[in-house]
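A short write-up of the structure that comes next.
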Amino acid sequence: MATIKLTYPDGSVKEFEGGVSGNDVAKSISSGLAREALAIEVDGEVWDLSRKIDHDAGVKILKWQDAGGKYAYWHSSAHLMAEAVECLFPGTKFGIGPPVDHGFYYDIDMGDHTLSPDDLLKIEERMVEFAKRDVSYVREEKSWDEAVAYFKKKGDPYKLELLDGLKGETITLYHQGNFTDLCYGPHIPSTGRIKSIKLLSVAGAYWRGNEKNKMLQRIYGITFPTKEELDEYLFRVEEAKRRDHRKLGKELDLFVFHDISPGAPFWLPKGMIIFRELEKFLRSELDKRDYQEINTPILVKKDLWQQSGHWDHYRENMFCVENDETIYSLKPMNCPESTYVYRHRLRSYKDLPLRFSEIGRLHRNELSGALGGMFRVRQITMDDAHIFCRPDQILSEIDRLIELVTHFYSIFGLKPSYNLSTRPDNAMGDPTLWEQAEASLKKALEKNHIKYTLKLKDGAFYGPKIDIQIEDAIGRQWQVATIQLDFVMLPERFQLEYIAEDGSRQRPVAIHRAIFGSFERFIGIITEHFAGNFPTWLAPVQAVVLPITDAHQEYGAHVHGILKSAGLRVELDDRSEKINYKIREWEVKKVPYMLVVGEKEKNNQTVSVRQHTKGDIGVMAMSEFVDKICREISEKLITS
RNA sequence: GCCGAUGUAGCUCAACGGUAGAGCAGCUGAUUUGUAAUCAGCUGGUUGGAGGUUCAAAUCCUCUCAUCGGCUCCA
């Protein structure tokens, strides 16, 4: 066979005989690499190591560290799990079993049998056993007819349904041990690579993600090449649990939920302080940037929603009440009402842009099963704004918004990432305007040196948008802010106009934007992000004065008074308890500063400062401490 | 809404057909303490709710509400 040229990631080119396998390529580089290799990338496509390469190509050997390697590893793990399930529960029908970001799952139909945690353990044990056999994953190409015949014989209706969508194509099957699956692959060389296995949970999932279809049982699992990596993963899961805002919210007296109003928090005094600080921060930033705050009714007649189109498309999510034969609804969005503020006066081109901000309380009747702590509530407080501008002002407005958003997240130590979504097929509005707007969004992102992911055709039907995700302290991504252009929904439906320079009536462009997304969700996110150790400016109690004995209460009260008049949220713990006891208690409450005062401090007019999580940071003059903490608060420093 | 699990004192959990219990918290008293828990006593529950089975139900059954993990949806 002819020789072929393979290009490595470093650009070097090596010649091989045609039909060389990825495995051979890995071996030719080093035996160590061959041991670690899981798959090979051939011209950007991930292949099995055993598959023969017969043309010139760019190649990269994939190991566990590579995303492609992990995916193949977990994909193969899913097959291993399926084999264990089939062995323990013959007759099980298989749906799909792909890898996911952290592990893999397989959707299965077991008829009447419901999997118990005990079953999971048994499956896990069997997987360990099968993995040890160290059998190869074998790829086989079959004609469509042969594949159909195979799964007909096996009696796997879901696989047959999948095959329906692959008519005329060459079908690949993968075998390992006694299990055969319809699968594109790729897979790792053999089951022996899978060393550490943990089945995590079983949950219902609709076949093909469609709620009209039958619900299958989905088993989630994860595997690793070493036990240490599994332990580390499980530790990270524990860490996430430790940070859970539902747990911390209760422990730190921030908020609680009650059966009496599912999906709506009761804000406790301490949580309300965080809420108010965020509002204060938001308002001061928006004031600097020439926003005008408005407030619109919560309860409005359904006529508004008929005009906005929500009545047709969003009605099942709206709470309605009837009064005197008129149907009202609690607003699920602020936007339609903001147009009433716009239309309050005839607007001139000179008035634009108009930036109306609104901290609006919304109600959305989310499905009961969708609720989850602060992350998904029915009563939402949104940091909303609607900017009405001329088309030629889009660029500068987006530019300002990007500056605002970047500034906001930097204060919290959250890393933003940006997605730009463009014109979908069902778009409404002038295509030229779309093009112009998309170009403006791009330009604004580029001007700010922001890398972004382009999501083609993912915009709303009324305009393109920039979605912003943030990454928290433990690497999780959250969708929060959104900047949406709107040529249609508000401007057209509500017939917004401004008088242009030439006296003609023109349509403004509306920009919908939120930064926190919602106060509820954002507070949930930062509670987990900071693990409850809020920066001093947000901390419900910023400092607490701890007199050592009753003899120091008077001085303690003096210190407390000074801090209070400096504007701090400070408490005095004058209980007759041991100092260790008090310290422990306030440490658990995650208060940033403790001021221990006893005989020495009283005589020298000082305070002994203990910082949360850091311990004793020494004795300071009172004024020194006040300066320190006040600077920390005004600069919104992150100290934990 | 769908699938599965769970619901016992303010919190974390025990009791799994036979008188509901512990730790923490709370209250009372003693203790006067130097950087993560002083001691003693006391209070606290129609076992989420409604029905049913049984001589007897926290425990078994039915319905319902809520929560959790997913699916769908989404700020």
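Side chains included, hydrogens not; waters and symmetry mates left out as well; all remaining heavy atoms used. In the text below, chain A, chain B and the rest are named by the order of the sequence lines, each starting its count at 1.
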Students often get this wrong, so: under 4.0 angstrom with heavy atoms, is A/Asn580 touching a base, only sugar-phosphate, or nothing?
sugar-phosphate
* Backbone of A/Val377 reached by a side-chain donor or acceptor of A/Glu520 within 3.5 Å -> no
Item to complete: Determine the interplanar angle of the A/His310 and A/Trp305 rings, folded into 0 to 90°, and report it as parallel if under 30°, tilted if 30 to 60°, perpendicular if over 60°.
Response: perpendicular
Using Watson-Crick geometry (N1-N3 plus N6-O4 or O6-N4) or G-U wobble (N1-O2, O6-N3), each under 3.5 Å, B/U33 is paired with none
Notebook entry, point to check: Base, sugar-phosphate, or nothing: which does A/Leu115 touch, judged by heavy atoms less than 4.0 Å apart?
Noted result: nothing
When the C1' atoms of B/G49 and B/U8 are compared, how many Å lie between them, rounded to an integer? 14 Å
**Asked** Using a cut-off of less than 4.0 Å, is there contact between a side-chain N or O of A/Lys589 and OP1 or OP2 of B/A36?
**Response** no
A/Gln484 atom CD is separated from B/C74 atom P, nearest whole Å, by 12 Å
As its Watson-Crick or G-U partner within any shown strand, both distances under 3.5 Å, B/C42 has B/G26
**Asked** Under 4.0 Å: is that the gap between some side-chain N or O of A/Arg575 and OP1 or OP2 of B/U31?
**Response** no
With heavy atoms under 4.0 Å as the rule, sort A/Gly524 into base, sugar-phosphate or nothing.
-> nothing
- Would you classify A/Ile579 as touching base, sugar-phosphate or nothing, given that sugar-phosphate means primed atoms plus P, OP1 and OP2, and contacts are heavy atoms under 4.0 Å? sugar-phosphate
Do A/Trp478 and A/Phe375 have ring centres separated by under 6.0 Å?
yes
- In whole angstrom, give me the gap between the C1' atoms of B/A58 and B/G18. 13 Å
Side-chain atoms of A/Glu599 come closest, of B/A36, B/G34, B/G70, to B/G34
Euclidean distance for P, B/G48 against B/C13 (whole angstrom)
15 Å
Comparing nearest nucleotides in RNA chain B, the 5'-proximal residue of the pair A/Ala551, A/Thr482 is A/Ala551
- Item | Whole-angstrom distance between B/A20 and B/G44, as gauged at atom P | 15 Å
note: A/Lys250, atom NZ; B/C68, atom C1'; distance rounded to Å ~ 11 Å
Give me, pair by pair, the N or O atoms of the protein and of nucleotides 71-73 of chain B that are less than 3.5 Å apart, along with how far apart they are.
from	atom 1	to	atom 2	distance (Å)
B/C71	O4'	A/Gly204	O	3.2
B/C71	O2'	A/Tyr206	N	3.1
B/U72	O2'	A/Glu211	OE2	3.4
B/C73	O2	A/Arg376	NH1	2.9
B/C73	O2	A/Arg376	NH2	2.3
B/C73	N3	A/Arg376	NH1	3.1

### Query
So do A/Glu571 and A/Val545 actually touch side chain to side chain, heavy atoms under 4.5 Å?
no
A/Ile219 atom CD1 is separated from B/G4 atom C1', nearest whole Å, by 13 Å
Nearest-angstrom distance, C1' atom, B/G45 to B/A15 = 14 Å
As its Watson-Crick or G-U partner within any shown strand, both distances under 3.5 Å, B/A9 has none
Query raised in the report: Taking C-beta and beyond as the side chain, do A/Gln469 and A/Val480 meet within less than 4.5 Å on heavy atoms?
Result: no
B/G51 -> Watson-Crick or G-U wobble partner, both distances under 3.5 Å, gives B/C61
- Query: Does a distance-only test, which skips hydrogens and angles, find a donor-acceptor pair under 3.5 Å between the side chain of A/Ser576 and the base of B/U32?
  - Reply: yes
Original post:
Touch check for A/Glu251, heavy atoms < 4.0 angstrom, all strands: base, sugar-phosphate only, or nothing?
Top reply: nothing
Taken to the nearest whole Å, CZ/A/Arg364 to P/B/G1 is 19 Å
Separation of B/G70 atom P from A/Asp101 atom CG, nearest Å, is 13 Å
Tested for side-chain contact (heavy atoms from CB on, under 4.5 Å) against A/Asp467, the lone hit among A/Thr482, A/Leu420, A/Asp458 is A/Thr482
When rounded to whole Å, the OH to P distance for the pair A/Tyr581 and B/G34 reads 17 Å
Side-chain donor or acceptor of A/Glu601 under 3.5 Å from a matching atom on the base of B/G34? yes
note: A/Asp107, atom CG; B/G69, atom P; distance rounded to Å ~ 19 Å
Please report the distance separating the C1' of B/G4 from the corresponding atom of B/A22, rounded so that it comes out in whole Å.
31 Å
Taken to the nearest whole Å, CD/A/Gln479 to P/B/C74 is 12 Å
How far does the P atom of B/U6 sit from the matching atom of B/A25, given to the nearest Å?
-> 31 Å
Q. For the ring pair A/Phe522 and A/Phe412, is the centre-to-centre distance below 6.0 Å?
A. yes
Margin query: Can a side-chain donor-acceptor contact be found between A/Tyr462 and A/Gln484 if the only test is distance below 3.5 angstrom?
Written below: yes
Sorted by chain and residue number, the ring-ring contact (aromatic ring centres under 6.0 Å, His included) partners of A/His102 (sequence neighbours excluded) come out as none
Of A/Val377 and A/Thr613, the one whose closest nucleotide on RNA chain B sits nearer the 5' end is A/Thr613
Please state whether the base of B/A75 and the side chain of A/Arg521 form at least one donor-acceptor pair under 3.5 Å?
no
Please check if the side chain of A/His529 supplies one atom and the backbone of A/Ala473 the other of a donor-acceptor pair under 3.5 Å.
yes
Taking the P atom of each, how far is B/C3 from B/U64, in whole Å? 11 Å
If pairing means Watson-Crick or G-U wobble with both distances under 3.5 Å, then the partner of B/G17 is none
